[in-house]
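As the structure is a computational prediction, the values presented were derived from the model and not from experiment.
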Amino acid sequence: PPMPPTANAPDADARARDGAEGAAALRATQELELEVIELRHDLDAFARERASVDDLRRRMDALDARRPPRAPFDDWSSLRSSDDIRFSQNGFVVRSPDDRFLLRPGLRLQAGYEGVVARGAAFGQVAPDLSTIRLSHAELLFEGHAGGPRFEYRFELDFADTATGTVKDAFVQWRFLHDFGVRAGRVRVPFGLEATTWNGHLELVDVAAPTAAFGLDRDEGVELVGRPLGGKLQFQAAALNGHRDACPATPTDNLVCDAIDLSYAARVVAAPLGPLPIFEGDVGGTERPLVAVGASGVYSLLPTDLRARTGSAGAPLDLDGDHRVDNVGVWQVAAELRAMFRGAAVQAEWFGRREQPGASQANRDFWGVYGQASYFVIAHHLQAVARFARTDQPLYGATMDDRLRAGTHASEETGGVNWYARGHDVKVQLDYTHRATPDALSATSEDRIRLAAQLAF
């Protein structure tokens, strides 16, 4: 028979239930602790990821702060944009939704002070001393594409530098292949390094004396441009109107002065280690050496400047007897070198020019050279730069009096310091130049100091 129930049986059941509930609570507590530990691990991982993102953002901000300014036309092709309107450090871009139209406006202002003290003026000549504050450049730029990404344009106006006209660049470009394009309009003559560099990207306030003596600035024409091999090879070839002076003949000469001869120019640059930035100096601090070498040439036919050169109003203009004003064949060649690495940069150019009057007249030869070096004492911000130059002065078409005042050759030594707050977009430049022209009547030497501030986007 079953044993009779004992008096403490309910207590045993209660203890069993309490034990089961305690075990369940313990398991729940352990599971909760595991979830808390996992949550803590997740929070720690999230904190690490956030720290990494913040560090990456700081690094990107630092890189953006020292990123060099975008170049006009990005070397030669317009910008791509995924937004209708995109703002960035260097301005903004407006694009149509179908990418048929893109506009990137730009602005550049440069103002400063220039002081010149001249010495050694000949008797009766006034030394060109100078002390002035001037607005050197006030530019508006518009570039992009219209009708489709392959039809590009650039339009540049400078309301302060009007010596060669307010309109600077004004051309359209058909990029028929990714690395090749054809331009038509007003373009820079593809000759030399400094002459084809936008003056807002110069290390010193102005170009070297040989560049000023041999440079050809801009002209109207058609130009083929290319950047194959990822930009390691660059070339330009152009047919241009040519810089023809006014016809020297008078109605009494009974001579025809034609203007049918075009000018031809070409430039080739090789950068075997990779393309170099199109601005002077190593603002970005390249982490590997970059080197580029190049050559360029120009051929033109210009009306003879015999009367201006000799100062004789009756000098013959038709020595070959064809009833046309004689032309002078002008050949110019240039060689260039650039290199940069970790804030240091060097560049140099050599120029040569031969004028061939023909008709048994002697050829006239001229040459010039400059070398320039710079280094960032404070990376991306404080730069020291020096330049030496020596050049003949062709002064084609100048009168005899102008030639006597200017002299036949010049040399200059320049040193300067620059502060880049935001690359070439926001910078302050200070330089000093000693210039010597031993046979000039206006002055045999001059000392010049210039201070310039630039703001651009």
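- The shortest side-chain heavy-atom distance between Asp431 and Arg387 does not fall under the 4.5 Å cut-off.
- A donor-acceptor contact shorter than 3.5 Å is absent between the side chain of Asp401 and the backbone of Arg405.
- Using a distance-only test at 3.5 Å, with no hydrogens or angles considered, a donor-acceptor pair links the side chain of Glu349 to the main chain of Leu193.
- Panel note: side chain Arg186, backbone Val167; a donor-acceptor pair is recorded below 3.5 Å.
- The distance from atom CG of Leu430 to atom OH of Tyr113, rounded to the nearest 0.5 Å, is 11.5 Å.
- Between the OG1 atom in Thr408 and the CD atom in Gln393 there is a gap of 7.5 Å [rounded to 0.5 Å].
- The distance from atom CG of Asp217 to atom OG1 of Thr211, rounded to the nearest 0.5 Å, is 12.0 Å.
- How far CG of Leu441 is from CG of Asp402: 11.0 Å, rounded to the nearest 0.5 Å.
- For the pair Leu135/Phe159, no side-chain contact is recorded, criterion being any heavy-atom separation below 4.5 Å from C-beta on.
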Glu355 and Val328: side chain to side chain contact (heavy atoms under 4.5 Å, CB included), yes or no, with the steps? CA-CA 6 Å; Glu355 298 174 0; Val328 176; 4.1 Å; yes

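- The side-chain contact (heavy atoms from CB on, under 4.5 Å) with Leu255 is formed by just one residue from the set Thr250, Asp322, Asp318; it is Asp318.
- A side-chain hydrogen bond (donor to acceptor under 3.5 Å, both in side chains) with Asp158 is found for exactly one of Lys168, Arg108, His137, Gln110, namely His137.
- In this structure, Gln429 contributes its side chain and Leu202 its backbone to a donor-acceptor pair below 3.5 Å.
- Remark: Thr433 engages Thr414, Arg448 in a side chain to side chain donor-acceptor pair (under 3.5 Å) (not counting sequence neighbours).
- Checking side-chain atoms of Asp219 against main-chain N and O of Gly242 turns up a donor-acceptor pair under 3.5 Å.
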With side chain to side chain contact (heavy atoms under 4.5 Å, CB included) as the test, would you mind laying out the steps for Asp99 and His145 before giving the verdict? CA-CA 9 Å; Asp99 200 29; His145 62 248; 3.5 Å; yes

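- Counting heavy atoms from C-beta outward, Glu223 and Leu240 have side chains that stay 4.5 Å or more apart.
- A donor-acceptor distance shorter than 3.5 angstrom exists from the side chain of Arg403 to the backbone of Pro394, with no hydrogens or angles considered.
- The aromatic rings of Phe279 and His201 lie perpendicular to each other, with more than 60° between the two planes, well past the 30° mark.
- Atom CZ in Phe142 sits 7.0 Å away from atom CG in Leu157 (nearest 0.5 Å).
- Using the six-membered ring where Trp is involved, Phe376 and Tyr420 have ring planes that are tilted, between 30° and 60° apart.
- Using a 4.0 Å cut-off between charged side-chain N and carboxylate O, Arg218 and Asp169 make a salt bridge.
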Could you walk me through whether Asp282 and Tyr375 pass the side chain to side chain contact (heavy atoms under 4.5 Å, CB included) test, one step at a time? CA-CA 8 Å; Asp282 189 13; Tyr375 181 73; over 6 Å; no

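- With Ser296 contributing its side chain and Gly192 its backbone, the two residues share a donor-acceptor pair below 3.5 Å.
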Under the side chain to side chain contact (heavy atoms under 4.5 Å, CB included) criterion, do Val346 and Leu337 qualify, and how do the steps go? CA-CA 8 Å; Val346 296; Leu337 168 68; 5.7 Å; no

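- Within the 4.5 Å cutoff, the side chain of Gln236 has no heavy atoms near those of the Val269 side chain.
- Thr437 and Ala443 make their closest contact through OG1-O, 2.7 Å (heavy atoms, listed as atom of the first residue, atom of the second, distance).
- Looking at residues two or more places apart in sequence or on another chain, you find a side-chain contact (heavy atoms from CB on, under 4.5 Å) between Phe101 and Ser96, Leu103, Ala146, Tyr153.
- Taking each heavy atom of Glu446 and Val116 in turn, the nearest pair found is OE1-CG1, 3.8 Å.
- Under the 3.5 Å distance criterion, with hydrogens and angles disregarded, no donor-acceptor pair is assigned to the side chains of Glu413 and Tyr432.
- In terms of the salt bridge (charged side-chain N to carboxylate O under 4.0 Å, His left out) criterion, residue partners of Arg435 (sequence neighbours excluded) are, by chain and number, Glu412.
- Nearest heavy-atom pair across Ser263 and Val298 is OG-CG1, 3.7 Å.
- Between Asp392 and Arg390 the shortest side-chain heavy-atom distance falls below 4.5 Å.
- By the 4.5 Å heavy-atom criterion applied to side chains, Arg183 and Arg154 are not counted as neighbours.
- Using the six-membered ring where Trp is involved, Trp331 and Tyr299 have ring planes that are tilted, between 30° and 60° apart.
- Judged by distance alone, with hydrogens and angles left aside, the side-chain atoms of Asp161 form no donor-acceptor pair with the main-chain N or O of Ser136 at under 3.5 Å.
- Between Gly215 and Ala195, the shortest heavy-atom distance links the atoms CA-CB, 4.5 Å.
- Once rounded to the nearest 0.5 Å, the distance linking CD of Glu114 with CG of Asp206 reads 8.5 Å.
- A donor-acceptor pair is defined here as one N or O able to donate and one able to accept, closer than 3.5 Å; no such pair exists between the side chain of Asp365 and the backbone of Arg354.
- Below 30°, between 30° and 60°, or above 60°: for Phe235 and Phe180 the angle between ring planes is between 30° and 60°, a tilted geometry.
- The two residues Val325 and Ala249 make their nearest non-hydrogen contact at CG2-CB, 3.7 Å.
- Side-chain contact check for Glu156 versus Trp198: some heavy-atom pair is nearer than 4.5 Å.
- No side-chain N or O of Thr304 forms a donor-acceptor pair with one of Asp326 less than 3.5 Å apart.
- Between Pro316 and Leu306 the shortest heavy-atom distance is O-CD2, 3.3 Å.
- Residues Glu203 and Gln347 have side chains that never bring a donor and an acceptor to within less than 3.5 angstrom of each other.
- A donor-acceptor pair is defined here as one N or O able to donate and one able to accept, closer than 3.5 Å; such a pair exists between the side chain of Arg150 and the backbone of Arg175.
- Counting heavy atoms from C-beta on, the side chains of Leu107 and Leu140 come closer than 4.5 Å.
- With Phe214 as reference, Phe351 is the one residue of Trp367, Phe351, Tyr396 to meet the ring pair (Phe, Tyr, Trp, His ring centres under 6.0 Å) rule.
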